[in-house]
Amino acid sequence: MKQVKVLTKILAANDMIAAENRALLDSHGICCINLMSSPGAGKTTLLEKTAQMVSGSISLGAVEGDCATSLDGERLSAAGIPTVQVNTGGGCHLDAGMIKSALRDLDLEKTDLLFIENVGNLICPSSFDLGEHHRAVMLSVAEGDDKPLKYPGMFISCDVMVLSKTDLVDKCDFDLSAGKQNALRVNPRLKILELSSLEGAGMREWTEFLEKLVEEKRVEKR
């Protein structure tokens, strides 16, 4: 089928550029996390709070993906994170070529940990390798504990799940145990971190996790 062949060629070309991106990041000892979620799950707030907590120990950078605005990118810049804005013009995901262009505008020598805040979507972003080292999916308690079962491709493609907005769990019809079990059902390898960016619960475990990843990358570069 022509459609299948075209998609295969697109992904093959994307994967070649993604490998180049990863090699470039490796050469600078940078750990890169592709952060994906539905719109409104709390990605930008998490990165703002992360910047506050790791200030002085980890140098952050960000590529901010958005369909049409720079609102979230402006928030990250205001939080002290050097950020490159990428607008997709309505596209539902970032691709490796977009990240390649964005990396030219970042000071890689001064970056330890690079976040790619992907376009809000639990389907398309999971299909595109961007050159990241880790994939994290954020699931907020406001979305429903069945999302891993409804969007398995996203959860299978990730190695980390951030369960966010746990301060709202009593106000939402979300069963924490069921949410985690559903995620592990589709991907038993998932590392799950629960947190509330606003109230701070779980944030120490999150930053300790990031510090470990950064140190591993530093050791790898030596």
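- With N14 contributing its side chain and D129 its backbone, the two residues share a donor-acceptor pair below 3.5 Å.
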| request: Might you work through the side-chain contact (heavy atoms from CB on, under 4.5 Å) test for T50 and M203, ending with a clear yes or no? | output: CA-CA 8 Å; T50 300; M203 285 299 295; 4.0 Å; yes
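- Of the candidates R135, R189, K191, M138, C158 forms a side chain to side chain contact (heavy atoms under 4.5 Å, CB included) with just one, namely R135.
- Between the side chain of D112 and the backbone N or O of I58, no donor-acceptor pair lies under 3.5 Å.
- Clustering ILVMFWY residues whenever any of their side-chain heavy atoms sit less than 4.5 angstrom apart, transitively, puts V63 in a cluster other than the one holding V137.
- Residue pairs meeting the side chain to side chain donor-acceptor pair (under 3.5 Å) criterion with at least one partner in residues 161-172, sequence neighbours excluded, are D167-S196.
- Atom CZ of F174 and atom CG of L139 lie 4.5 Å apart (nearest 0.5 Å).
- Hydrophobic clustering of Ile, Leu, Val, Met, Phe, Trp and Tyr side chains at less than 4.5 Å, counting indirect connections, keeps L176 apart from L193.
- Between the side chains of K43 and S37, at least one donor N or O lies within less than 3.5 Å of an accepting N or O.
- The number of heavy-atom neighbours closer than 6.0 Å to CG of D107, taken from other residues, nucleotides and ligands shown, is above 12.
- Atom CD of E143 sits about 9.5 Å away from atom CG of L163, to the nearest 0.5 Å.
- Under 4.0 Å is where a charged nitrogen must lie from a carboxylate oxygen, and between D145 and K180 no such pair does.
- When the shell of 6.0 Å around CZ of R185 is examined, it contains 12 or fewer heavy atoms from other residues, nucleotides or ligands.
- Hydrophobic clustering (side-chain heavy atoms under 4.5 Å, transitive across Ile, Leu, Val, Met, Phe, Trp, Tyr) groups L108 together with V86.
- M161 and W206 fall into different hydrophobic clusters, where Ile, Leu, Val, Met, Phe, Trp and Tyr are joined by side-chain heavy atoms under 4.5 Å apart, directly or via other members.
- Follow the hydrophobic side-chain contacts under 4.5 Å out from L11 and you never reach M154; the two are in separate clusters.
- In summary, E215 and K212 do not engage in a salt bridge, as defined by a charged side-chain N under 4.0 Å from a carboxylate O.
- At distances below 3.5 Å, not a single donor-acceptor pair connects side-chain atoms of D146 with backbone N or O atoms of L149.
- Tested against I116, the residues L35, I99, I33 include a single side chain to side chain contact (heavy atoms under 4.5 Å, CB included) partner, I99.
- In summary, the side chains of R75 and T83 do not present any donor paired with an acceptor at a separation below 3.5 Å, with no hydrogens or angles considered.
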